[in-house]
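Okay, structure first, notes after.
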Amino acid sequence: PGNWTSLVSGTLADARLSGTAPTVEYTVPQTTARYVRFEAVNFWGLSGGLNELSVYTNPGDIDGNLAANRPVIAGTGAFNSPVFNQAQIGVGNFVAQNVTDGSDTDIFGQNYWLGRQGVEGESFVLDLGRVFDISEIQLFNTHNTQHNDSGTQNFRIYADTEVDANGNLVSPSLLLKGVLSDTSGQSPITPDIFTKGSGLPQYSHVRYLQFVAVDFRDGDVRVGLNEIQVFGQLAIPEPATAGLAMMALAGLALRRRRTG
């Protein structure tokens with residue numbers, strides 16, 4: 001404990017009057033360490049504090065599905081419900097949160113999202129938790145199990161790094177658009193895969209994704225989606241530095257001071 005090495009120093013923003021805890025990110029030299037000590041040298045107001053400290057090694061190396069079990073924070077509605085994440089008693093669970101549960105097969109009323117009857121343009125917003133450079137998105141269309149009467153045809157995905165108080169994108173930009181396959185009768189469902197060579201931009205800076213089910217096919221009665229899977233790397237602020245893997249990234253979030 002006596003042999004500490006200084007990694008970074010700086011000034012954190014005053015969060016006392018902020019509605020959210022501002023995040024400050026620092027890149028520091030690659031270091032082999034087990035313990036990290038944060039020292040609050042001085043403070044805003046009456047005392048020092050910290051909301052959260054996150055430490056990442058080799059920020060480009062993130063394995064697995066970034067969307068797995070991540071929260072859906074906003075949406076337009078679900079089957080028989082104007083509330084995107086509220087299942088209706090007696091009709092099954094068709095809420096938007098189902099799209100990150102890891103399923104690849106429709107199980108009726110349990111693990112996929114359906115929009116409201118006859119409503120096109122339904123959408124939901126997914127929070128990936130951090131800012132990523134997206135390299136691949138896999139979309140598993142639904143068909144509503146044995147009914148084969150639901151699913152998305154044309155879709156769009158918008159991206160942003162911020163949302164408002166209602167969970168909606170502040171400055172959305174179009175990340176991807178396309179047509180999903182008809183998955184009627186499939187079990188497991190074959191995903192439509194989009195990469196940087198087939199629709200995705202070469203570089204993106206994304207935390208929030210809004211999936212918009214533009215319409216459904218002739219003969220269907222509602223839009224929907226079984227699963228979304230997202231793959232990529234932690235984004236480094238400037239595209240020119242994206243290849244610098246021998247770095248560590250520390251994110252510091254100030255604690256909002258409680259008053260009253």
Inset, instruction - Output yes when Asp133 and Lys196 qualify as a salt bridge under the 4.0 Å nitrogen-oxygen rule, no when they do not. - result: yes
Legend entry - Residue pair Leu50 / Leu12, side-chain heavy-atom distance below 4.5 Å: yes
Legend entry - Residue pair Thr142 / Asn144, side-chain donor-acceptor N/O under 3.5 Å: no
Inset, instruction - Say whether, by atom type as modelled, one donor and one acceptor occur between the side chain of Asp127 and the main chain of Gly129 under 3.5 angstrom. - result: yes
Inset, instruction - Rounded to the nearest 0.5 Å, what's the gap from OG1 on Thr100 to CG on Leu128? Could you check? - result: 10.0 Å
Inset, instruction - Kindly say whether Gln97 contributes a backbone atom to a donor-acceptor pair with the side chain of Asn85 at under 3.5 angstrom? - result: yes
Legend entry - Pair His205 and Phe132, ring centroids less than 6.0 Å apart: no
Inset, instruction - Side-chain contact test, heavy atoms from C-beta onward, threshold under 4.5 Å: evaluate it for Asp192 versus Gln138 and give yes or no. - result: no
Legend entry - Check: Phe84 ring centroid to Phe94 ring centroid under 6.0 Å: no
Legend entry - Residue pair Ile137 / Leu175, side-chain heavy-atom distance below 4.5 Å: yes
Legend entry - Side chain proximity check, Val131 to Leu234, heavy atoms < 4.5 angstrom: no
Legend entry - Proximity of Phe79 and Tyr112 rings by center, below 6.0 Å: no
Inset, instruction - Please assess Asp215 against Asn154 for the test side chain to side chain donor-acceptor pair (under 3.5 Å), listing each intermediate value before the final yes or no. - result: CA-CA 6 Å; Asp215 56 19; Asn154 292 283; 3.2 Å; yes
Legend entry - Partner set under ring-ring contact (aromatic ring centres under 6.0 Å, His included) for Tyr158, not counting sequence neighbours: none
Inset, instruction - Output the distance between atom OG1 (Thr145) and atom CD (Gln110), rounded to the nearest 0.5 Å. - result: 10.0 Å
Legend entry - Phe124: ring-ring contact (aromatic ring centres under 6.0 Å, His included) partners, not counting sequence neighbours: Trp113, Phe211
Inset, instruction - Would you check if the side chain of Ser198 reaches a backbone N or O of Thr195 as a donor-acceptor pair within less than 3.5 Å? - result: yes
Legend entry - CA sep, side-chain torsions, deciding dist, call: Asn141, Ser181, side chain to side chain donor-acceptor pair (under 3.5 Å): CA-CA 7 Å; Asn141 206 0; Ser181 300; over 6 Å; no
Legend entry - Sequence-distant partners of Arg70, salt bridge (charged side-chain N to carboxylate O under 4.0 Å, His left out), two or more places apart: none
Legend entry - 4.5 Å side-chain heavy-atom contact, Phe216 and Thr152: no
Legend entry - Donor-acceptor pair, side chain of Glu136 and main chain of Gly232, under 3.5 angstrom: no
Legend entry - Verdict with supporting geometry, Arg116 and Thr76, side-chain contact (heavy atoms from CB on, under 4.5 Å): CA-CA 9 Å; Arg116 292 165 290 177; Thr76 55; 4.0 Å; yes
Legend entry - Distance (rounded to the nearest 0.5 Å) between Ser184 OG and Asp220 CG: 6.5 Å
Legend entry - Any side-chain heavy-atom pair of Ile73 and Val163 under 4.5 Å: yes
Legend entry - Donor on one side chain, acceptor on other, Asn111 and Asp106, under 3.5 Å: no
Inset, instruction - Flag the pair Ile134 / Leu200 as yes when at least one side-chain heavy-atom distance between them is below 4.5 Å, and no otherwise. - result: yes
Legend entry - Carboxylate-amine/guanidinium proximity below 4.0 Å for Arg207 and Asp160: no
